[in-house]
Enquirer: 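Here it is, the structure in full.
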Amino acid sequence: MQPLPDALAQAVIPAGVRSLLERLQSAGHESWLVGGGVRDLLRGQHPKDWDIATQALPEEVTRLFRRVVPTGIAHGTVTVLVPEGQVEVTTFRVESAYLDGRRPGAVEFRRDLVEDLARRDFTINALAFDPVGGRFRDPFGGQEDLGRRRVRCVGVAAERFGEDGLRPLRAVRFATVLDFELDPDTEAAIPGALGVFDKVALERRRDEFLKLLLAPGAVRGLVLLRRTGLMDRLLPELAAVDDAERNPRVGRSAPVLEVRLALLLVGVGEAASALDRLRLPGKTAETVRALLVHPLPAEASAWTDGALRRWLVRLGPERSELARALAQATGADPAGTLGERLGRIVAARPPLTPRDLALDGAAIMKALGVGPSPAVGEATRFLLEAVLERPDLNTAEQLEALLRQRARGDKQTR
Ligand code: ATP
Ligand code: MG
């Protein structure tokens, strides 16, 4: 029996999570808080999500609670909804025979906590706490590793990495997010596991990499990825680029995904293929692409407001804040003065698209005295050019006057 650490004795457990544990326990099923939640409590932080490991089989859990989502029944996981959020409840399990380094060939449910903890990745994640009974289990020295601030595999690192190729990346991610060191044996096992890492689904890699990229200590994470050889496998497009300037920029920038990704990929020849590899949501990828293709350049300080508005149209005006942050981080706009000017321009909500024109398609046809025809498109483009230069011209009367002027001009040149 291990003594209960003070941080756990004083921990505040949300009422919904506690009553879930009580319910399982009073039905006769041994149940514990496990994993990252216990780690966070020990570090004096409030966990973002809660995991429970239990002796109860998934169908037994399902019978006990009303609001249950069968998120991963095959792996013994169901999600129980409590007022404070969701709790993943997983049956104690042992994973046998990893066939391809991606997922266990079979999951065996065992009614034993220590075996469940033994299949977890790192000692700092292999902790269990029962706030109802005031009990704590740490069979692999996780608390000591937390104190020494290190990420160490449960068991032999090379074997554990061989079972699941995502673990090397998770090791680097935890070291980055927690600002811990990699245990030397754990780090030394990474290069030998790169072949298994290659088999891991891109979506699983993405989730870990994005957590790393958004951490305050992202620079260290990028350096660790390079040092361990993971970066070459994760984003080979970045292999040849010099990251001496690149990484610190990422680290100094606001932790906004699109901005940090753009900073990472700026000047990379095959940025598009790197983006594809990250399996980002379409909208995110599109935004990063737009930021890379239409960055706010340093010479924009010498542009007219009209030129800035035309650039805004190319970028997509909803992305202007991101472009500002990016320009500040790349040094295109170190003091943020250009960004401020851009902010004022955007705040004035100038007309930027045909929809913003004071004359709609029908009004333009009427003014031209024509029906639907290419002439309408030409006139629309002409008017948009005019209001991009001079937004104050965007009233129905002034636009009609411009169209009349244009018609006269056309006649004269003919
Ligand atoms: P975070 O705070 O980022 O959510 P976490 O520790 O909760 O960190 P999760 O990815 O949510 O990490 O996983 C929950 C727990 O499940 C981990 O703490 C660990 O015990 C176990 N786990 C997750 N992924 C693996 C894996 N690939 N191999 C072994 N154990 C894992
Ligand atoms: Mg978690």
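All ligand and atom numbering here is 1-based and tracks the order in the structure.
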Enquirer: Under the 3.5 angstrom rule, does the side chain of D138 hit a backbone N or O of G142 as a donor-acceptor pair?
Expert: yes
Enquirer: Work out which heavy atom in I13 is nearest to a heavy atom in R18; give both atom names and the distance.
Expert: CG2-N, 4.1 Å
Enquirer: Check each atom of ligand 1 against the heavy atoms of F174 and keep those under 4.0 Å away; list them by number with element.
Expert: 6 (O), 8 (O), 12 (O)
Enquirer: Does any N/O atom on R39 come nearer than 3.5 Å to any N/O atom on ligand 1?
Expert: yes
Enquirer: Could you state the interatomic distance from CZ (R279) to CZ (R277), rounded to the nearest 0.5 Å?
Expert: 9.0 Å
Enquirer: Between L291, L315, L308, which is the residue that forms a side-chain contact (heavy atoms from CB on, under 4.5 Å) with L296?
Expert: L308
Enquirer: So if I count the atoms of ligand 1 from 1 in the order they appear, which ones are less than 4.0 Å from some heavy atom of G35?
Expert: 18 (O)
Enquirer: Ignoring hydrogens and geometry beyond distance, is a side-chain donor-acceptor pair present between S273 and D276 at under 3.5 Å?
Expert: no
Enquirer: Check contact between L166 and ligand 1, using heavy atoms of the residue and a distance below 4.0 angstrom.
Expert: no
Enquirer: Do any nitrogen or oxygen atoms of N125 lie less than 3.5 angstrom from nitrogen or oxygen atoms of ligand 1?
Expert: yes
Enquirer: Pick whichever of R120, R160, R173, K48 has a heavy atom sitting closest to atom 20 (O) of ligand 1.
Expert: R120
Enquirer: Report yes if G36 has an N/O atom closer than 3.5 Å to an N/O atom of ligand 1; otherwise report no.
Expert: yes
Enquirer: Has ligand 1 got any nitrogen or oxygen that is less than 3.5 angstrom from a nitrogen or oxygen of E208?
Expert: no
Enquirer: Please give the atom name: the N, O or S atom of D49 nearest to the Mg ion (ligand 2).
Expert: OD1
Enquirer: E385 pairs by salt bridge (charged side-chain N to carboxylate O under 4.0 Å, His left out) with which of R390, R406, R310?
Expert: R310
Enquirer: Please state which part of D164 comes within less than 4.0 Å of ligand 1, counting heavy atoms only: side chain, backbone, both or neither.
Expert: side chain
Enquirer: Please determine if R205 forms a cation-pi arrangement with F197, meaning its NZ or CZ atom is less than 6.0 Å from the six-membered ring centre and no more than 45° off the ring axis.
Expert: yes
Enquirer: With a 4.0 Å cut-off on heavy atoms, is R119 in contact with ligand 1?
Expert: yes
Enquirer: Determine whether the side chains of T79 and Q86 contain a donor N or O and an acceptor N or O closer than 3.5 Å.
Expert: no
Enquirer: Can you check which of R167, R170, K211 brings a heavy atom nearest to atom 13 (O) of ligand 1?
Expert: R170
